[in-house]
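Presented below is the structure to which this report refers.
Chain letters run A, B, ... following the sequence lines, proteins first and then strands; every chain starts at 1.
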Amino acid sequence: MADHSGRLSGIARERFGWELTDEQQRAAGAVLDGRDVLAVLPTGAGKSAIYQVPGLALDGLTVVVSPLVALQHDQAAALGEAGVCAVVVNADRSAAAAWEAVESGEARFLLLAPEQLAKPEVVERLRGAGVVLFAVDEAHCVSAWGHDFRPDYLRLAAAVERLGRPPVLALTATAAPPVRDDVVERLGMRDPLRVCTGFDRPNIHLAAHRHPSERDRRAAVLERVRELRGTGLVYAPTRAATEEIAAELGARARCFHAGMPAGEKERVHEAFTAGEVEVVVATSAFGMGIDKPDVRFVLHAGCPDSLDSYHQQVGRAGRDGDPATAELHHRPEDLAKQRFLTATGVPEDAIRAVAKAVRAGRGPQDVDLPRARRTRAVNLLVGAGAVDGDLTWVGRDLDEAVAEAVRLAEVHKRAVRSRVEMVRAYAEAPGCRRQELLAYFGEELPEPCGNCDGCDAGRAGERRTSSGGFDVHEGVRHAEWGRGEVMSVEDDRVTVLFEDEGYRTLSLAAVHDRDLLVPDAS
DNA sequence: CGTGTGCTAAATAATTAGCACACGGTGCGTTATT
């Protein structure tokens, strides 16, 4: 195995002005050796360098699969600034020019969504262009979305084969061990080098609060947002909830969900990035591509659908390294909703009816089923490899295809069940939350925690008292906070960085009552 | 599976209890209409 470190770091320095970390070196070096690589590195660790640097070192075209058109443009623009020709192919009209750059050999990177690779003609054109590296960005999507939402993710392995099996590089910031295995298997990766680190975010204080009723929760979340200063995110489980909460919060907040007009979403995103809007109340739609360093809090007004989502959403706080807060406001009822939303069964006869319609050359539109159900059936058939990206039947036996789709639905359901159970266990966990979350990602806590709720009780070996509320007085009562440093005082709210408990906002009265602060704290 | 809504009836003049029912998330793509 050749040592490429000099060459790679040279490219990184001269082209981009980067110094590669050890992890980046290892991953990029293995790619250059022709090995498959799975890199799970936190945001900000320069994941894109891992495909960009070896992509430039190799002689030919690097294909980058990216889930969102907006992300594709971001990446292409970043490469463009470094003087590298990178093009995007999607459903817009600009595709012709992009293909010209690919076929002339001018383009070194091509960014596209998996749906493009489901089209045989796209793969054929790429075969002609000579692909030397196949990178999958945000590779957790293969596992999270592949089963029935964006099934073309499940067919990337087939595209890789048809492209002559270039090295496959999978990149993501969040993937627990089972997700990693799933990504490796689904992408057909061969003995990949796995580079996985950095799930711990010690500056984020993790808390969870259980609420007896929906009203209580809503009131608690609103109160907390009003108490917390600075920029923050609130994740809510439904579109309607995002609108209601944002309306309650007034001018400081905006909502964001996939049902909003594209222009509106863009405006909210830009206003948030620019700091004109402090709080965005969103569904899980608000996520990838957000890289605002000074997010001070992330509140969940409901359970996320997995600990991977949770880690990702929480991880949007405190990227600048300063203290931040994450609070999960949960109810047991949340989990019933998760099960329903992600794992409603698709009956075999529905799948069969859709399969028959597609095989007969008709669209699935005339099958008499609710739209959502029809779409799921189509997605399952695509995932099963029976239907192509352009909705043509791939020429398999009907029964076999239906059976495969049903099996996929079953696998998906089981996966959802187990993810929900893990979220439940986390929400109810009596001990140290940070340890709990890290354990899920297969890492150990590097040091005694003291920066999450529950870790005190965990150390004492006691069950944490279930606090319906979360206000600072209760917090003070539960944990005997030690020395702290005042970070800021606004009105009657004092933000304190405690040695043991991390970042907390207290009422002035609570601070005085408890004589919490050392006299000379600045 | 749960939650919120809207209807109806009961009890009485403005509200409420009970019940049936709709709806719930993520993004590519394509297509039909301005």
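- When the P atom is used for both B/dA17 and B/dT12, the distance is 13 Å, rounded to whole Å.
- The one candidate from A/V195, A/V65, A/D137 that meets the side chain to side chain contact (heavy atoms under 4.5 Å, CB included) condition with A/L171 is A/D137.
- A/H257 is linked by a ring-ring contact (aromatic ring centres under 6.0 Å, His included) to nothing, counting only residues two or more places apart in sequence or in another chain.
- Residue pairs that meet the salt bridge (Lys or Arg N to Asp or Glu O under 4.0 Å) test with at least one member in residues 379-389 of chain A, sequence neighbours left out, are A/R155-A/D388.
- In summary, of the residues considered (A/R210, A/E214, A/H209), a side chain to side chain contact (heavy atoms under 4.5 Å, CB included) with A/R331 occurs for A/E214 alone.
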Under the 3.5 Å Watson-Crick or G-U criterion, the dot-bracket string of DNA chain B, with | for inter-strand pairs: ((((((((((....))))))))))..........
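- Contacts of A/R125 classified as side-chain hydrogen bond (donor to acceptor under 3.5 Å, both in side chains), with partners at least two apart in sequence or in another chain: A/E103.
- With sequence neighbours excluded, the residues satisfying side-chain hydrogen bond (donor to acceptor under 3.5 Å, both in side chains) with A/K292 are A/D294.
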Mind listing the side-chain donor-acceptor pairs of residues 71-81 of chain A below 3.5 Å, one per line with the distance, residues two or more places apart or on another chain?
unit_1 : atom_1 : unit_2 : atom_2 : d
A/Q72  : NE2    : A/S66  : O      : 3.0
A/Q75  : OE1    : A/Y51  : OH     : 2.4

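- Of the candidate nucleotides B/dG2, B/dG25, B/dG27, B/dG27 has the atom lying nearest to any side-chain atom of A/E115.
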For residues 276-289 of chain A, which side-chain N or O atoms pair as donor and acceptor with protein atoms under 3.5 Å away, sequence neighbours left out?
unit_1 : atom_1 : unit_2 : atom_2 : d
A/E278 : OE1    : A/R252 : NE     : 2.4
A/T283 : OG1    : A/A285 : N      : 3.3

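- When each of B/dT26, B/dG25, B/dG2 is scored by its nearest atom to the side-chain atoms of A/H257, the top-ranked nucleotide is B/dT26.
- Both geometric conditions, a ring-centre gap below 5.5 Å and a plane tilt below 30°, are not fulfilled together for A/W145 over the base of B/dT26.
- What separates NE2 of A/H211 from P of B/dG2 is a distance of 19 Å, to the nearest Å.
- Counted by atom type alone, A/D308 and A/Y440 present one or more donor-acceptor pairs between their side chains at under 3.5 Å.
- Of the residues near DNA chain B, A/R218 and A/R376, the one whose nearest nucleotide (by heavy atom distance) lies more toward the 5' end is A/R218.
- Counting non-hydrogen atoms under 4.0 angstrom, A/N90 reaches the backbone sugars and phosphates but no base.
- Comparing B/dG25, B/dG4, B/dG27 by their nearest atom to the side chain of A/D305 picks out B/dG25.
- Residues from residues 237-249 of chain A lying near DNA chain B, meaning a heavy-atom separation below 4.0 Å, are A/P237, A/T238, A/R239 in numerical order.
- The distance from atom CG of A/D308 to atom P of B/dT26 is 18 Å, rounded to the nearest whole Å.
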Between the protein and nucleotides 30-34 of chain B, list every N/O to N/O distance that falls short of 3.5 Å.
unit_1 : atom_1 : unit_2 : atom_2 : d
B/dT30 : OP1    : A/K119 : NZ     : 3.3

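- Listed by first and then second residue, the ring pair (Phe, Tyr, Trp, His ring centres under 6.0 Å) pairs involving residues 113-146 of chain A are A/W145-A/F149 (not counting sequence neighbours).
- Comparing the C1' positions of B/dT26 and B/dT34 gives a spacing of 29 Å, expressed to the nearest Å.
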Tell me which donor-acceptor pairs under 3.5 Å the side chains of residues 84-101 of chain A have, and how far apart each pair is, sequence neighbours excluded?
unit_1 : atom_1 : unit_2 : atom_2 : d
A/N90  : OD1    : A/D92  : N      : 3.0

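- Straight-line distance between the C1' atoms of B/dA9 and B/dA13: roughly 15 Å, to the nearest whole Å.
- Between the NZ atom of A/K337 and the P atom of B/dA22 there is a distance of 18 Å, rounded to whole Å.
- Nucleic acid contact class of A/P114 (heavy atoms, under 4.0 Å, all strands): none.
- Atom P of nucleotide B/dG27 and atom CE of A/M260 are separated by 12 Å, given to the nearest angstrom.
- Note: CZ (A/R150) to P (B/dG29) measures 8 Å, nearest angstrom.
- Side-chain proximity of A/F340 to the nucleotides B/dC28, B/dG24, B/dT26 is greatest for B/dG24.
- To the nearest angstrom, P of B/dC28 lies 15 Å from CG of A/L156.
- Of the P atoms belonging to B/dA11 and B/dC19, the separation is 14 Å, rounded to the nearest Å.
- Scored by the side-chain hydrogen bond (donor to acceptor under 3.5 Å, both in side chains) test, A/H269 finds no partners at all (sequence neighbours excluded).
- Rounded to whole Å, atom P of B/dG27 lies 6 Å from atom NZ of A/K265.
- In this structure, A/L335 reaches neither bases nor backbone, as no heavy-atom distance under 4.0 Å exists between it and the strands shown.
- Under 3.5 Å, the side chains of A/E327 and A/H329 contain a donor-acceptor pair of N or O atoms.
- Contact annotation: A/R331 side-chain N/O to B/dT3 OP1/OP2 distance is under 4.0 Å.
- Between the CD atom of A/Q338 and the C1' atom of B/dT26 there is a distance of 12 Å, given to the nearest Å.
- Atom P of B/dT3 sits at a distance of 15 Å from the matching atom of B/dG25, rounded to the whole Å.
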